[in-house]
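Computed from a prediction, not measured in an experiment: that's the story for all the values here.
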Amino acid sequence: MLTGRKKLLIAGILAAAVAMAGCGKKDVPETETAAMTETVAVETETETEAETETEPETKEALPEGKMYSFITGEVIDEEEGMKRPVAVMISNIKDALPQSGLSKAGILYEAVVESDITRMMAVFESTESVGDSLGSVRSSRHYYLDFAHDEEAIYTHYGWSFVAQDRITNEGIKTINMMYAQPGSCYIRTKDRVAPHNVFTSGAMLDKGIDMFGIERQLPENYEGRLKFNTSDKVIESGQDAYTVDIPFSSKCQLTYDEDNKVYLKYEYGDKHMDAAENVQLSFKNIIIQKAAYSGYPNDPILKEIQLTGSGEGYYISDGKAVKITWKKDDLNDHTRYYLEDGTQLSMNQGHTYIAVVPNEYNITISGK
């Protein structure tokens, strides 16, 4: 059926044809004929584009009691998914290796702390997904509070820097601070290594810690999450090849693409980054590299300060491809979100994600095969 716009267009073309037949070609300048032809082509192209425009992806209806995870995008039970995630500070210096339990984390953060070493924060869907051994647990740094806030996670640590202590106290942030608990309650000290690298916990012990410190377990009923996920795996065809990713942390972080399993395997300190409890190498479906301005903290330049508000550059890497992204966060009460170069919000593939928050001056090397 012809639209009104198409009827007018065809009528105009017929009228022009009749006029041309009556006057002869010599009365119609060549430039006018070309202009007429161009207008018709533009109108036809516009109509075609409008008719063939695809609808945005919509999430399919899930069985009753199921939902898409805010942390991984995977289908999980609503009972678990509407609980607040648990975020645990993890030591990452060589003396603290091997770590335990990190392969179960839906998101793993890594950022620089004092002396240019890195510390990690493992984010779990809930205490049920933590497992029987997680550690070693270390002290808080204040910008990890902001990472935990991004995921609305229950923040867990053993001790704190004075800046983190001030923020936790002054802002009324409820955390599981194991320093104020007895061994055997929400943590244990193992005998196979020396302090401070021997603090470990588990899902069951974190449950006790949540009750002990009076922390709210549930997410708000209308919570939507800050991350956006695809409902099926999508390769970024326009991205550059990304089979090896080198991040110049002091830990010598490298991630290599496993084509068979479509995940990135993590290495550090020149060896596989292993989860001793599960005896598996850490692997991730997604990598986000977030570049930010680092500086020394004003009253203690040994400590780091990271500018996490405003915007900055980065990369999203998945399925052997990498694209440039922009991160944005209006203020510390906001949540960090990631955008593609065309301004649309990044939609990630379902699975575990590694987020490296790196200094702006870091040279990130992304290589093909």
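Residue pairs meeting the salt bridge (Lys or Arg N to Asp or Glu O under 4.0 Å) criterion with at least one member in residues 308-325, sequence neighbours excluded, are Asp241-Lys321, Lys285-Asp319. Pairs of residues two or more places apart, or lying in two chains, that qualify as salt bridge (Lys or Arg N to Asp or Glu O under 4.0 Å) and include a residue from residues 80-93 are Lys83-Glu128. For residues 165-186, the salt bridge (Lys or Arg N to Asp or Glu O under 4.0 Å) pairs, not counting sequence neighbours, are Asp146-Arg167, Arg167-Glu171.
The main-chain N or O of Ile117 is never found under 3.5 Å from a side-chain atom of Ser115 such that the two would form a donor-acceptor pair. Using modelled atom types, one side-chain atom of Asp275 and one backbone atom of Glu278 make a donor-acceptor pair closer than 3.5 Å. Within the 3.5 Å criterion, the main-chain N or O of Glu79 finds no donor-acceptor partner in the side chain of Asp77. Within the 3.5 Å criterion, the main-chain N or O of Ile289 finds no donor-acceptor partner in the side chain of Trp327. In this structure, the side chain of Asn261 does not engage the main chain of Val263 through any donor-acceptor pair within 3.5 Å. Proximity of a side-chain donor or acceptor of Thr201 to a complementary backbone N or O of Cys186 within less than 3.5 Å is detected. No donor-acceptor pair under 3.5 Å is formed between the side chain of Ser185 and the backbone N or O of Ala181. With hydrogens and angles disregarded, no donor-acceptor distance shorter than 3.5 Å links the side chain of Asn286 to the backbone of Met348. In terms of modelled atom types and a separation under 3.5 Å, the side chain of Arg119 and the main chain of Tyr144 share no donor-acceptor contact.
The side chain to side chain contact (heavy atoms under 4.5 Å, CB included) with Ser318 is formed by just one residue from the set Asn349, Ile288, Thr353; it is Asn349. When Glu114, Met121, His157, Lys304 are each tested for a side chain to side chain contact (heavy atoms under 4.5 Å, CB included) with Arg141, only one passes: Glu114.
With respect to Arg217 and Asp207, a salt bridge is recorded, a charged nitrogen being found less than 4.0 Å from a carboxylate O. A salt bridge links Lys266 with Glu268; the closest basic N to acidic carboxylate O contact falls under 4.0 Å. A salt bridge does not link Glu125 to Lys104: none of the charged side-chain nitrogens sits closer than 4.0 Å to a carboxylate oxygen. Salt bridge Arg226/Glu151: present, at least one basic N to carboxylate O contact under 4.0 Å.
Remark: the Glu110 side chain and the Asn92 side chain contain an N/O donor-acceptor pair separated by less than 3.5 Å. In the model, Thr309 has a side-chain atom that pairs as donor or acceptor with a side-chain atom of Gln307 under 3.5 Å. Under the 3.5 Å distance criterion, with hydrogens and angles disregarded, no donor-acceptor pair is assigned to the side chains of His352 and Ser283. Thr190 and Asp192 share a side-chain donor-acceptor pair at under 3.5 Å. Judged by distance alone, the side chains of Ser69 and Gln350 never bring a donor and an acceptor atom under 3.5 Å apart. With hydrogens and angles left out, the side-chain atoms of Asp342 and Thr344 include a donor and acceptor closer than 3.5 Å. Asn198 and Arg193 are not linked by any side-chain donor-acceptor pair at a separation below 3.5 angstrom, with hydrogens and angles left out of the test.
The aromatic rings of Phe147 and Tyr109 sit parallel to each other, their planes meeting at less than 30°, with 60° as the upper class boundary.
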Step-by-step ring pair (Phe, Tyr, Trp, His ring centres under 6.0 Å) determination, Tyr257 to Tyr264: CA-CA 4 Å; Tyr257 186 52; Tyr264 285 85; 5.0 Å; yes
Verdict with supporting geometry, Asp246 and Lys252, salt bridge (Lys or Arg N to Asp or Glu O under 4.0 Å): CA-CA 8 Å; Asp246 288 287; Lys252 301 176 182 177; over 6 Å; no
Tyr187 and Tyr158: CA distance, side-chain angles, deciding distance, ring pair (Phe, Tyr, Trp, His ring centres under 6.0 Å) verdict: CA-CA 9 Å; Tyr187 76 95; Tyr158 190 101; 5.4 Å; yes
Criterion side chain to side chain donor-acceptor pair (under 3.5 Å) on Ser140 and Tyr155, from CA distance to verdict: CA-CA 9 Å; Ser140 172; Tyr155 186 63; 3.0 Å; yes
side-chain contact (heavy atoms from CB on, under 4.5 Å) evaluation trace for Glu341 with Val323: CA-CA 9 Å; Glu341 288 186 296; Val323 290; over 6 Å; no
Full working for side chain to side chain donor-acceptor pair (under 3.5 Å) between His142 and Glu305: CA-CA 8 Å; His142 63 286; Glu305 179 72 285; 2.8 Å; yes
CA sep, side-chain torsions, deciding dist, call: Phe70, Tyr223, ring pair (Phe, Tyr, Trp, His ring centres under 6.0 Å): CA-CA 9 Å; Phe70 300 125; Tyr223 183 71; 4.8 Å; yes
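Remark: Asn299 CG to Tyr297 OH distance equals 6.0 Å, nearest 0.5 Å. A distance of 15.5 Å separates CH2 of Trp160 from CZ of Arg138, quoted to the nearest 0.5 Å. With values rounded to the nearest 0.5 angstrom, Ile90 atom CD1 is found 9.0 Å from Ser100 atom OG. Atom CG of Asp271 and atom CG of Leu97 lie 9.5 Å apart (nearest 0.5 Å).
The neighbour count for Asn170 CG, taken as heavy atoms of other residues, nucleotides or ligands under 6.0 Å away, is above 12. Annotation for Gln182: atom CD does not count as buried by contact number, only 12 or fewer foreign heavy atoms lying within 6.0 Å. Counted within 6.0 Å of NZ on Lys291, heavy atoms from surrounding residues, nucleotides or ligands total more than 12; the atom is thus considered enclosed.
At least one side-chain heavy atom of Gln99 sits under 4.5 Å from a side-chain heavy atom of Leu102. The closest side-chain heavy-atom distance from Ile176 to Ile215 is below 4.5 Å. Counting only heavy atoms from C-beta outward, the side chains of Asn360 and Tyr294 never approach each other to under 4.5 Å. Looking at Val88 and Val123, their side chains never come closer than 4.5 Å, going by heavy atoms from C-beta outward. Contact check for Ile317 versus Val245: side-chain heavy atoms found under the 4.5 Å cut-off. Side-chain contact between Thr156 and Val86 is present, with heavy atoms from C-beta onward closer than 4.5 Å. A 4.5 Å side-chain heavy-atom check between Ile210 and Met212 finds every atom pair outside the cut-off. Using a 4.5 Å heavy-atom cutoff, the side chains of Arg337 and Leu227 are not in contact.
Of all non-hydrogen atoms in Pro359 and Val112, the two that sit nearest each other are CD-CG2, 4.3 Å. Closest heavy-atom contact between Leu340 and Ile325: CD2-CG2, 4.2 Å.
For His149, the side-chain contact (heavy atoms from CB on, under 4.5 Å) criterion is met by Glu152, His335, not counting sequence neighbours. Residues satisfying the side-chain contact (heavy atoms from CB on, under 4.5 Å) criterion with Val130, sequence neighbours excluded, are Phe124, Leu134, Leu206. Every residue meeting the side-chain contact (heavy atoms from CB on, under 4.5 Å) condition with Asp331, not counting sequence neighbours, appears here in chain and number order: Asn333, Asp334.
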